[in-house]
J.: 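What follows is a single structure, and I will ask about it in a moment.
Here is how names work: the chains are called A, B, and so on, in the same order as the sequence lines, proteins then strands, and each is numbered from 1.
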2 protein chains.
Amino acid sequence: MIIMAEICWQIDFEAKQPIYLQIYEQLKREIIQKSFSSGEKLPSIRRIAEQLSVSKTTVENAFRQLEMEGYIDSKKKIGYFVADLSHWAYQTEHMPPDMLKEKLPTVVQYDFSNDYIDGESFDFALWRKYTNQALREDHNRFFDYGEPQGAYELRWELARYLHQSRGVNCSAEQIVVGAGTQVLLHMLCGLLKEDYHQIGFEEPGFAFGRYVFMDHHMKVVPISLEEDGLSLKELQDEGLKLVYISPSNQFPTGRVMTIQKRMALLAYMAERQGLIIEDDYDSELRYFGRPIPSLQGLDREGLVIYVGSFSKILLPAIRVSYMVLPPKLLPLLTEKINFYNQTASVIEQLTLARFMADSQLEKQIRRTRKIYARKNQLLLEQLEKQMGERIRILGKETGLHVLLEVFCDKDSETIVKAAASVGIKVTSLKAYRFNPLENSRYPLVVMGYGGIKLEQIAPAVEKLAQVWFH
Amino acid sequence: MIIMAEICWQIDFEAKQPIYLQIYEQLKREIIQKSFSSGEKLPSIRRIAEQLSVSKTTVENAFRQLEMEGYIDSKKKIGYFVADLSHWAYQTEHMPPDMLKEKLPTVVQYDFSNDYIDGESFDFALWRKYTNQALREDHNRFFDYGEPQGAYELRWELARYLHQSRGVNCSAEQIVVGAGTQVLLHMLCGLLKEDYHQIGFEEPGFAFGRYVFMDHHMKVVPISLEEDGLSLKELQDEGLKLVYISPSNQFPTGRVMTIQKRMALLAYMAERQGLIIEDDYDSELRYFGRPIPSLQGLDREGLVIYVGSFSKILLPAIRVSYMVLPPKLLPLLTEKINFYNQTASVIEQLTLARFMADSQLEKQIRRTRKIYARKNQLLLEQLEKQMGERIRILGKETGLHVLLEVFCDKDSETIVKAAASVGIKVTSLKAYRFNPLENSRYPLVVMGYGGIKLEQIAPAVEKLAQVWFH
């Protein structure tokens with residue numbers, strides 16, 4: 001046993017660290033290293049104070065901290081004792097962090113993945129202006145998490161915008177704001193969990209949505225896509241009363257659900273007292289004609305949960321998505337909304353509300369549509385010129401990608417790899433399928449053109465044609 | 001039947017709306033109003049173009065939009081026909097939105113709820129500076145959702161900070177960033193769902209965390225709190241291998257789990273190959289001595305998932321939380337991370353990384369701690385002065401609230417209501433319990449002092465004493 005006062009504690013009276021913490025640290029280390037046995041009485045506070053030439057209060061503070069953390073026990077009028085630390089084996093060595101190296105990016109010269117937007121499409125100076133306004137003028141809104149449903153003024157702007165541009169009928173009370181579509185779907189799973197245990201999902205479809213329902217132990221039933229929208233027959237055969245669709249701009253095929261099928265789907269769900277989740281992602285970005293009006297706008301029975309975001313129109317980095325609940329779900333929402341903290345930054349919510357109130361969103365959409373229409377047109381021209389009859393272009397009028405059917409006898413993995421071998425990133429359609437089996441005769445690949453530069457398109461397509469067909 | 005050319009379509013050549021859209025809108029309205037029967041042939045494009053004095057392309061564009069949406073069908077070389085819209089009943093009237101009135105705020109003069117931070121604690125000008133830096137200099141990071149785990153530089157800063165200030169041992173690779181603790185727990189449920197179906201939860205504890213596990217159909221088992229932390233015996237009796245705790249600053253009781261219990265809990269979970277979720281919320285805000293080191297720092301076997309945020313130190317409006325996974329979960333994380341889009345705004349992440357790199361966080365913590373220490377001290381003094389022996393103050397050294405045991409023969413609802421009747425908002429401890437039955441002899445109430453002004457404390461406590469004891 002080592003007598004404390006003899007072990008030369010290193011008290012540094014010049015150090016920034018308070019003296020009581022130095023005593024605490026050293027005594028703790030000794031206890032950990034088992035220089036004391038458990039139950040052993042420690043020297044008195046008075047004695048330690050004297051030996052170290054510090055005040056009794058200083059030593060008391062150190063002891064109080066050690067006692068609070070459970071290293072020592074005090075017995076009234078007797079003194080302090082080392083606590084029982086029989087489990088202490090744990091601390092004797094330090095765990096080396098088993099580092100997982102971050103993946104290094106592979107060299108991609110032409111990136112046709114679907115993750116990026118155009119670098120010129122966003123006016124940062126303008127967004128800074130509204131951010132600074134919000135940070136200056138909305139101070140008193142930032143001291144709590146904000147309204148669980150989202151800032152009222154943003155919801156009000158959203159209701160107005162969605163009505164005007166997407167034909168959605170709703171009031172601010174029906175809107176819930178969240179940091180991304182997945183967050184809103186998590187909440188929806190919470191709201192619906194008692195009544196819904198399976199969900200139909202377009203095949204192929206929005207994989208990130210599917211994952212959420214799977215995480216919530218819902219059974220995901222893939223439903224085939226027909227030319228005019230998903231198969232109602234399969235929906236019926238499976239007896240489903242919940243379905244996730246993107247009717248106005250099917251992701252990733254770009255197909256549009258016809259008005260007849262919309263009506264039939266609404267009638268089907270009305271009969272079963274079911275619900276339709278309408279993902280209206282990217283519907284603003286249509287390069288021929290005008291955007292297809294939403295399904296929600298046709299719904300007279302309140303069957304549609306409408307989901308959308310501005311990720312591709314503003315910046316993916318800004319995390320504000322929204323969902324519109326039908327009136328019949330509002331009592332449930334009111335009951336459960338206080339179980340969820342708002343996830344979207346209040347600063348970004350109020351910045352966006354100010355941006356929308358000044359009609360900047362409409363301007364931004366026009367600007368964005370123009371940029372992508374040019375890329376879309378050039379890409380289609382180049383594909384036609386370089387590949388001609390050897391491909392078929394599907395779903396070319398919307399969003400930030402085209403879908404190609406490549407007439408060759410390779411499978412989609414092979415042609416994605418062939419592209420990668422010359423520095424071009426494209427994605428197999430399989431990535432969006434629940435059931436990864438290829439169900440088409442020829443490989444299908446998704447080419448996103450959001451992030452690629454206009455001048456890169458021609459050389460990239462030329463390279464692709466060479467590696468695929470020569 | 002009405003012949004189209006005779007019904008005087010209103011084409012306004014001066015209007016901002018393109019002519020093809022005017023034709024589209026009017027023809028669509030006629031189809032909806034059943035001015036045509038389904039299957040009926042429409043007049044030819046040429047004829048309509050002539051009668052309206054517009055180009056054939058204009059009419060073609062209108063027809064193409066209608067065809068895409070499914071209102072009309074084309075038959076090659078024959079013409080256009082009205083589609084079958086037998087389900088059309090839906091659109092005939094407009095659903096009145098069943099508005100749910102937003103709740104009006106009740107009149108609260110002294111708000112001791114636990115939702116707010118101090119209005120003076122945050123330096124907005126400083127945050128604006130870093131936000132503007134990020135928006136100016138990090139442009140090219142905002143064109144996608146960002147790294148699913150969170151921006152690397154932020155995770156790097158977090159690893160450094162957590163090691164220095166909380167004794168957490170980790171590398172950036174172990175950290176996942178998300179828009180709030182609930183979002184991270186949702187992800188965790190997704191990662192753990194195969195192996196864990198029930199979870200022990202401190203009673204009372206962090207209700208918002210509990211809701212997430214319940215939404216994921218996990219069985220939540222309330223575990224009693226003892227003086228030195230949660231009951232290991234109950235954990236053992238239930239055979240639990242997953243537990244959610246806040247050992248360094250138990251929410252809302254403020255209790256500290258002793259080193260012995262920490263060791264015993266680690267040993268217990270090591271034996272069962274279990275996991276501990278350590279919620280380290282607000283541990284920086286301790287007004288006596290230094291913050292209690294984290295449990296994660298003691299863990300040699302990699303059993304602890306560490307969760308935290310800066311909601312109360314910075315602004316609740318900024319939605320950046322973090323979790324540190326033990327090395328053994330990293331292969332699972334790598335496998336599943338691409339199923340989740342990042343939820344925290346990349347702009348806020350990079351702003352925070354810059355803020356931390358300049359050591360502003362440490363300054364902010366010192367500043368914040370000073371502000372709340374003053375409020376804490378004044379509140380304790382006033383409670384002592386006005387209520388004396390009629391209350392017992394529990395959990396007074398940490399966080400932004402105190403816990404009061406009120407020696408009276410009323411229940412907690414009654415005294416919360418009594419407070420409300422004089423404009424004072426306090427919360428019953430029951431709100432944090434899974435099992436809402438009162439299990440203490442005297443009512444327990446939580447008084448948050450984050451948002452209240454220093455000068456409000458004395459008059460509020462005086463009023464409270466009057467309404468509770470007179």
Side-chain angles (χ1 to χ4, degrees), chain A residues 21 65 68-71 83-84 87 90-91 95 97-100 115-117 119 124 128 131-132 135 142-145 171 173 179-180 182-183 186 190 208 211 215-217 256 258-260 263-264 266-267 289-290 292 298 300 315-319 327 330 339 341 343 345-348 451, chain B residues 21 65 68-71 83-84 87 90-91 95 97-100 115-117 119 124 128 131-132 135 142-145 171 173 179-180 182-183 186 190 208 211 215-217 256 258-260 263-264 266-267 289-290 292 298 300 315-319 327 330 339 341 343 345-348 451:
Chain A
L21 277 187
Q65 182 81 25
M68 191 157 46
E69 297 184 23
Y71 289 93
D84 177 16
H87 292 293
Y90 276 94
Q91 186 62 12
M95 180 178 55
D98 183 4
M99 290 222 191
L100 240 183
D115 301 331
Y116 296 93
I117 64 158
F124 280 95
R128 272 212 312 277
T131 304
N132 285 326
L135 280 172
F142 301 139
F143 300 128
D144 67 1
Y145 294 119
S171 60
E173 287 75 12
Q182 287 189 316
V183 168
H186 272 301
F208 283 98
Y211 301 141
D215 271 359
H216 280 264
H217 302 273
V256 172
T258 60
I259 185 74
Q260 293 105 308
M263 287 300 161
L266 286 169
R290 49 162 241 170
I292 312 292
L298 296 173
R300 216 183 119 232
L315 282 184
I318 298 168
R319 301 305 280 138
L330 294 189
F339 292 9
N341 278 325
T343 49
S345 156
V346 182
I347 301 172
E348 288 193 346
Chain B
L21 277 187
Q65 183 79 26
M68 193 158 46
E69 295 185 23
Y71 289 93
D84 177 15
H87 292 295
Y90 276 95
Q91 185 61 14
M95 182 175 54
D98 182 4
M99 289 221 190
L100 241 181
D115 301 331
Y116 296 93
I117 65 160
F124 280 95
R128 270 212 314 278
T131 304
N132 284 325
L135 280 172
F142 301 140
F143 301 128
D144 66 2
Y145 293 120
S171 60
E173 287 74 13
Q182 287 190 316
V183 168
H186 272 301
F208 283 98
Y211 301 142
D215 271 359
H216 281 265
H217 302 274
V256 173
T258 60
I259 186 73
Q260 294 106 305
M263 287 301 164
L266 286 168
R290 48 160 243 169
I292 312 292
L298 296 172
R300 215 183 119 231
L315 282 184
I318 297 169
R319 303 304 281 139
L330 294 189
F339 292 9
N341 278 325
T343 48
S345 155
V346 182
I347 300 172
E348 288 193 346

J.: What pairs with B/D215 under salt bridge (Lys or Arg N to Asp or Glu O under 4.0 Å), at least two apart in sequence or on another chain?
T.: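 B/D215 satisfies salt bridge (Lys or Arg N to Asp or Glu O under 4.0 Å) with A/K193, A/K336 once adjacent residues are dropped.
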J.: Under 4.5 Å heavy-atom distance to chain B, tell me which part of A/T343 shows up: side chain, backbone, both or neither.
T.: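 Both the backbone and the side chain of A/T343 come within 4.5 Å of chain B.
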J.: Between B/V346, B/D144, B/T258, which shows the greatest number of heavy-atom pairs under 4.5 Å with chain A?
T.: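 Highest number of heavy-atom pairs under 4.5 Å: B/D144.
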J.: For residues B/G70 and A/Q260, report the shortest heavy-atom separation together with the two atoms involved.
T.: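 Heavy atoms of B/G70 and A/Q260 come nearest at O-OE1, 2.7 Å.
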J.: Closest heavy-atom contact between A/F143 and B/P316?
T.: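 Distance-wise, the nearest heavy atoms are O-CG, 3.4 Å.
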J.: Would you please name every residue forming a side-chain contact (heavy atoms from CB on, under 4.5 Å) with B/F208, sequence neighbours left out?
T.: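 Scan of B/F208 (side-chain contact (heavy atoms from CB on, under 4.5 Å), adjacent residues dropped) gives A/N341, B/Q182, B/F206, B/Y211.
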J.: If you round to the nearest 0.5 Å, how far is CG of B/L315 from OH of A/Y145?
T.: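 It comes to 11.0 Å.
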J.: Do A/I347 and B/E348 come within less than 4.5 Å of each other through their side chains, counting heavy atoms only?
T.: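 The answer is yes, as the side chains (C-beta and beyond) meet within the 4.5 Å cut-off.
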J.: Nearest 0.5 angstrom please: B/N132 CG to A/N132 CG, how far?
T.: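 Spacing of CG (B/N132) from CG (A/N132) equals 4.0 Å.
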J.: Between B/F142 and A/F124, what is the ring plane arrangement, given parallel below 30°, perpendicular above 60°, and tilted in between?
T.: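 If you compare the ring of B/F142 with that of A/F124, the planes turn out tilted.
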J.: Using a cut-off of under 4.5 Å on heavy-atom pairs, state which of A/I292, A/D115, A/V183, A/V256 scores highest against chain B.
T.: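 Sorted descending by pairs with chain B, the first entry is A/I292.
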J.: Which region of B/H216, side chain (C-beta onward) or backbone (N, CA, C, O), has a non-hydrogen atom less than 4.5 Å from a non-hydrogen atom of chain A, or is it both or neither?
T.: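 Both backbone and side chain.
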J.: For B/L21, is it the side chain, the backbone, both, or neither that has a heavy atom closer than 4.5 Å to a heavy atom of chain A?
T.: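 For B/L21, the contact with chain A is made by the side chain alone.
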